[in-house]
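Data first, discussion second: the structure below is written as structure tokens.
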Amino acid sequence: MNSIPYGRQDISDTDIAAVIETLKSDFLTQGPKIQEFEEAFARYIGVEYAVAVSNGTAALHLCALALGVNNQSKVITTPITFAASANCIKYCGGEVTLVDIDPETGLIDVDKARKVLEQADEGEYKGIIPVDFAGLAVNLEEVRKLADEYKLWIIEDACHAPGGYFVDGSGEKQFCGNGNYADLAIFSFHPVKHIATGEGGMITTNDPELYEKLLLLRTHGITKDADLLKENHGGWYYEMQELGYNYRLSDMQAALGITQLKRAKSSLEKRRAIALRYDKAFDGTNILPLKGDAGHAYHLYVIQGADRKGLYEYLRDNKIFAQVHYIPLHLMPFYQDQGYKIGDFPIAEAYYKKCLSLPMYPTLTEEEQDFVIEKVKGFYSL
Ligand SMILES: *Cc1c(COP(=O)(O)O)cnc(C)c1O
């Protein structure tokens, strides 16, 4: 048996051909493939606008900038996420307030977020960044209600959940990143995520003003758009109107994204089928998967069990490279320097002691999965 990682990209001959074709074209950095990728992605997600950027972290940073985060901004997010979900606020000088998770779902506990807001001064908090952790969609209808009461914006970190959805109060499927509840949503195309472009990211929104702002900030704050220019000296003329960045995606990466995206739906079905097989295998045991549902996008398949370290090492000895998602953010030295300490978020800490992400990717074979299941059960003498 070859070694089995927790996640792995799937690159086809079609993907490779698309990248080579772009290498032979006139455009290497931002060219026609970017717009094609953005439009295809927006259609897949069911949103008005999509902005391709260099990675998911850049996507978060641009969102925070577009929403005007500064040293007066306090923003709520979850400790069980990748560091970038919170770091984007720090990049802009803002303050991060973490809120503990719901033990059943691993997602931010919206009732606890409400308590934080109830105790805060009016206008103290500017926004909230819910994360569709592992691929389970946050109920954004609920978060929007809270956000409206306290005049917060919402950035949905949907890195784990392209194609995922929750069902709203009227029975409608609400796809992650569709912009119906969140102001902005972000995705990553890191190789372990659903769609791989090497490095890469996307921002989605239904707000035309935020969209225009993001376009400007993605390219140094520079525009050549005649409608936006304050002056016009001729064909060469451009203006730098804001302090932006170079957060562009390349056309080579976008070409890869376009062909990857064509398989996103079938890949998602494979992830869900793998999850179902794990669910069945662990049913009735003391190996407890995080809550799943029909809309789950299964970036990760997380179990919780006793002696996680023992299990992790036993699996490694069998060349199964399970992973831990995540070490709670408030335990990171950087966030401890901001005043957080052990014991601040007991549910996240209890989750961290037991969690392990089992191999989950579309090309995982049934044989490999059965091997993983056998070893996990074997560790617990089941
Ligand atoms: C991967 C990830 C990011 C960052 O994406 P990069 O493309 O690696 O910068 C942000 N948030 C979450 C939840 C992620 O999983």
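When a ligand or atom number is given, it counts from 1 through the structure's own listing order.
- Close approach of ligand 1 to T57 (heavy-atom distance below 4.0 Å) involves ligand atoms 4 (C), 5 (O), 6 (P), 9 (O).
- Checking H325, K193, H299, H61 against atom 1 (C) of ligand 1, the nearest heavy atom belongs to K193.
- The atoms of ligand 1 that sit less than 4.0 Å from any heavy atom of S85 are 11 (N).
- Listed by number with element, the atoms of ligand 1 under 4.0 angstrom from any heavy atom of G200 are 7 (O).
- Note on ligand 1: G201 sits outside its first shell, no heavy atom being nearer than 4.0 Å.
- Heavy-atom distances between Y326 and ligand 1 reach below 4.0 Å in at least one pair.
- For atom 11 (N) of ligand 1, the nearest protein heavy atom (residue, atom name, distance) is D157 OD2, 2.8 Å.
- Looking only at atom types and distance, the side chain of K90 has a donor-acceptor partner in the side chain of Q338 under 3.5 Å away.
- Residue A58 places every heavy atom at 4.0 Å or more from ligand 1.
- Taking a cut-off of under 4.0 Å to the non-hydrogen atoms of S188, the atoms of ligand 1 that pass are 1 (C), 5 (O), 6 (P), 7 (O), 8 (O).
- Between Y49 and Y211, the ring-plane angle classifies as parallel under the 30° and 60° cut-offs.
- Within the 4.0 Å heavy-atom criterion, both parts of N55, backbone and side chain, lie near ligand 1.
- A side chain to side chain contact (heavy atoms under 4.5 Å, CB included) with R272 is found for exactly one of L276, L268, I274, namely L268.
- At most 12 heavy atoms of other shown residues, nucleotides or ligands fall within 6.0 angstrom of atom CG in D13.
- Within the set G56, P191, G198, C159, the minimum heavy-atom distance to atom 10 (C) of ligand 1 is found for C159.
- The ligand atoms of ligand 1 that sit less than 4.0 angstrom from a heavy atom of H160 are 13 (C), 14 (C), 15 (O).
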Side-chain polar contacts of residues 283-292 - donor-acceptor pairs under 3.5 angstrom, sequence neighbours left out - could you list them?
residue	atom	partner	partner atom	Å
T285	OG1	F282	O	2.7
T285	OG1	I287	N	3.0

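- In this structure, the separation between CG on L23 and CZ on F27 is 14.5 Å, given to the nearest 0.5 Å.
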Next item on the list: Go through the steps to decide whether F189 and F41 satisfy the test ring-ring contact (aromatic ring centres under 6.0 Å, His included), and finish with yes or no.
Entry: CA-CA 12 Å; F189 307 129; F41 193 83; 5.6 Å; yes

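- Note that CD1 of I258 and CZ of F37 are 7.0 Å apart. Values are rounded to the nearest 0.5 Å.
- Considering CG of L329 and CG of D344, their distance stands at 12.5 Å, rounded to 0.5 Å.
- Residue-to-ligand polar distances keep T81 apart from ligand 1: every N/O pair is separated by 3.5 Å or more.
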